[in-house]
Amino acid sequence: MSQTDHPDFTDTDLSAWLDGELDVDNHSRVDSILRDRPEAAARLRLLAADRDALRARLEGVLTEPVPERLLSAVRRQRSEGPWLRAAAVAGLLVLGGVAGSALTWQWQGRQLVTAQAGTPAGWVQRAVYAHSVFTPEPRHPVEVRAQEEHLARWLTRRTDLPVKLFDLRDEGFDLMGGRLLPDAGGKSAQLMYENAQTKERVTVYLRKPDVDAPTTFRYVRQGDLGLFYWVEPGIGCALVGALPKERLLALAQSVYKQHEQAEAAGTAPPR
Amino acid sequence: MTAPAAFREQLLGAIPRLRRYARSLVFDTSAADDIVQSALERALVHWRQFDPRRDLVLWLLAIAHNAWLDALRRDRHLDVIAPERLTEAMDRERSHEPDVGLQIDLVAALARLTPDQRSAMMLVAVEQLSYAEAAEVLQVPEGTVMSRVSRARAALRAWLDGSGSRAAGRPGLRRVV
């Protein structure tokens, strides 16, 4: 259909009508054309369908995880010097007390080696998303339940990570289970824990670190959620939960210690 | 002085919108994200130029649009897919999107629009801006937006009407509109 076939209406009329951009007079003029001329109405339906198809095709982009490089493009300009990381470590010393300090010094020692530690990376954001998406699930919060003994083996095999089922019962949290998640460079694993009394849930997100990823121990807060994250050789770990910082720290320390012990004892599966 | 934290937070919040607009302009995800990244960097450098009474997303869309035009000038492949790459581009689309029939044809059809038509149509149809807002982003009069959107829709429809007879691999897929 070309516009010359229909001297009384044009594609521009239909297009602007569709966009709600005609003034009152023209709008009612096109209204009556659409009423009287089936070919105009048919044409309009096609244009509307094309518009809907375009929207549908691009809609998914809005909910895609934002690539790490875009997040860091916004964050890295922040004047976040080494002093801030030092302050974070100092904060840990105070909060963690004697038990924490030995750990913190280890972490700090590692930080000194890789002082260019970055701002919260994309994978940390994914850990937060994964937490927010799955912890509210009443029926299927996890993919494989903790009772199934193959959980650790399954996650280890699928992620190629030494997944250990950390025992957080001393801190009041029981393992519910875990799930496999997509991560930028491959797969990651999420373990979920629940406090039986308070019904609070925390997640541990495990992933293979990027090549030459900085080794850091950091705390960030996003709204209600707090998270501790760190990267060790072979594994990156984030602990996420809507808990006060001190309680999260206790859990993070427990996870860290158990991972170290497993490594030292050689019980962690080979990478 | 670097941009304040509140501004950065708003910037982070706008990223999905910027990504969608960039993806509506270029096929390739990573090329689209290059445009977004460049827009974010420009916004951070020029944050003082933003008038907080105005709509940040519009301001950012305008910056992203300019970043795209710059990229077009550098690399003509961004807007129009060469015939030999079309099948590949369509396969890529197919691989991560449900094939809703029309969508595959859309990819081919969009490749044929001029950059002016395409950007105006996407701002109005997908980003759902008014003609006045699109005019602000594109720095053209409203009447120009209206005619570009209309021509883009007509061109898209013409291609979709005829796509049954035009095989995807057929050469000569450069712009005809």
Side-chain angles (χ1 to χ4, degrees), chain A residues 1-6 9-23 26 42-81 119-120 122 125 182 184 222-223, chain B residues 1-3 5 7-9 11-12 15-24 29-30 32-34 36-41 43-45 93 96-97 100-103 105-107 109-110 121-122 124-128 130-132 142 145-147 149-154 156-158 160-161:
Chain A
M1 181 189 294
S2 80
Q3 296 188 8
T4 50
D5 297 340
H6 303 283
F9 73 90
T10 64
D11 259 343
T12 308
D13 287 333
L14 298 180
S15 172
W17 186 94
L18 186 61
D19 295 326
E21 293 278 349
L22 290 178
D23 57 31
N26 277 311
R43 176 78 176 161
L44 183 78
R45 278 195 296 275
L46 285 175
L47 297 183
D50 290 347
R51 179 198 59 187
D52 294 344
L54 284 175
R55 282 185 193 164
R57 182 173 173 273
L58 289 155
E59 193 178 26
V61 179
L62 293 181
T63 48
E64 281 177 12
V66 172
E68 207 164 316
R69 62 171 170 133
L70 298 182
L71 295 172
S72 61
V74 175
R75 288 171 172 148
R76 74 184 160 217
Q77 201 201 3
R78 192 172 289 168
S79 54
E80 189 172 302
T119 49
Q125 199 60 51
Q222 292 199 353
Chain B
M1 184 187 154
T2 59
F7 181 82
R8 288 169 196 282
E9 283 305 312
L11 220 51
L12 289 173
I15 291 178
R17 285 289 299 279
L18 294 177
R19 292 189 77 222
R20 180 172 65 176
Y21 179 55
R23 281 270 270 287
S24 75
T29 305
S30 119
D33 281 339
D34 286 346
V36 176
Q37 183 165 348
S38 162
L40 293 170
E41 285 162 357
L44 284 168
V45 171
E93 289 289 320
H96 59 73
E97 282 181 45
V100 193
L102 187 59
Q103 297 200 355
D105 289 337
L106 268 183
V107 175
L110 289 173
M121 182 179 68
M122 294 304 187
V124 169
V126 177
E127 297 309 320
Q128 302 185 44
S130 68
Y131 288 179
E142 277 184 56
V145 172
M146 175 154 76
S147 55
V149 171
S150 164
R151 283 203 304 270
R153 282 182 168 142
L156 191 66
R157 185 52 10 224
L160 293 172
D161 281 340

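Reckoned from all heavy atoms, side chains included, excluding hydrogens, waters and symmetry mates. Naming convention: chains lettered A, B, ... in sequence-line order (proteins, then strands); numbering from 1 in each chain.
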**Q** Whether the side chain of B:Arg20 engages the backbone of A:Glu59 through a donor-acceptor N/O pair (distance < 3.5 Å, no angle test) should be reported.
**A**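 No, B:Arg20 side chain to A:Glu59 backbone: no donor-acceptor pair under 3.5 Å.
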**Q** Hey, does A:Arg51 have a side-chain heavy atom less than 4.5 Å from the side chain of B:Leu156?
**A** no
**Q** At a 4.5 Å cut-off on heavy atoms, which part of A:Leu14 comes close to chain B: side chain, backbone, both, or neither?
**A**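 For A:Leu14, no heavy atom lies under 4.5 Å from chain B.
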**Q** If I measure from the heavy atoms of chain A, does B:Ser38 come under 4.5 Å with its side chain, its backbone, both, or neither?
**A** neither
**Q** Under a 4.5 Å cutoff for heavy-atom pairs, which residue among B:Leu18, B:Leu11, B:Val124, B:Asp34 has the most contacts with chain A?
**A**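 Heavy-atom pair counts peak at B:Asp34.
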**Q** Got A:Pro67 and B:Gln37 here, is their nearest side-chain heavy-atom distance under 4.5 Å?
**A**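 Heavy-atom side-chain distance check fails, nothing below 4.5 Å.
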**Q** Taking A:Ser15's backbone N and O only, do any of them form a donor-acceptor pair with B:Arg153's side chain (distance below 3.5 Å, no angle check)?
**A**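 Answer holds: yes.
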**Q** Supply the atom-to-atom distance B:Asp161 CG to A:Leu46 CG, rounded to the nearest 0.5 angstrom.
**A** 6.5 Å
**Q** Heavy-atom pairs under 4.5 Å with chain A - which of B:Val36, B:Leu40, B:Asp33 has more of them than the others?
**A**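 When all of B:Val36, B:Leu40, B:Asp33 are compared, B:Asp33 has the most.
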**Q** Please enumerate all residues that pass salt bridge (charged side-chain N to carboxylate O under 4.0 Å, His left out) together with B:Glu41, with sequence neighbours excluded.
**A** A:Arg76
**Q** What is the distance from atom CD of A:Glu21 to atom CE of B:Met146, rounded to the nearest 0.5 Å?
**A**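 Answer for the CD-CE pair, A:Glu21 versus B:Met146, is 8.5 Å.
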**Q** Looking only at heavy atoms and a cut-off of under 4.5 Å, which of A:Leu47, A:Thr63, A:Asp19, A:Asp13 has the most pairs with chain B?
**A** A:Asp19
**Q** Less than 4.0 Å between a side-chain N and a carboxylate O, is that true for A:Asp50 and B:Arg157?
**A** yes
**Q** Side chains of A:Val66 and B:Leu12, heavy atoms from C-beta outward: is any pair under 4.5 Å?
**A** no
**Q** Testing the basics here: between B:Ala154 and A:Asp11, what is the closest heavy-atom pair and its distance to 0.1 Å?
**A** CB-OD2, 3.5 Å
**Q** Does any backbone or side-chain atom of B:Glu127 lie under 4.5 Å from a heavy atom of chain A? Answer side chain, backbone, both or neither.
**A**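 No part of B:Glu127 comes within 4.5 Å of chain A.
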**Q** Report yes if the side chains of B:Ile15 and A:Val74 come closer than 4.5 Å at any heavy-atom pair, otherwise no.
**A** yes
**Q** For B:Met122 versus A:Leu54, what's the shortest heavy-atom pair and its separation?
**A**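 Minimum heavy-atom separation between B:Met122 and A:Leu54: CE-CD2, 3.8 Å.
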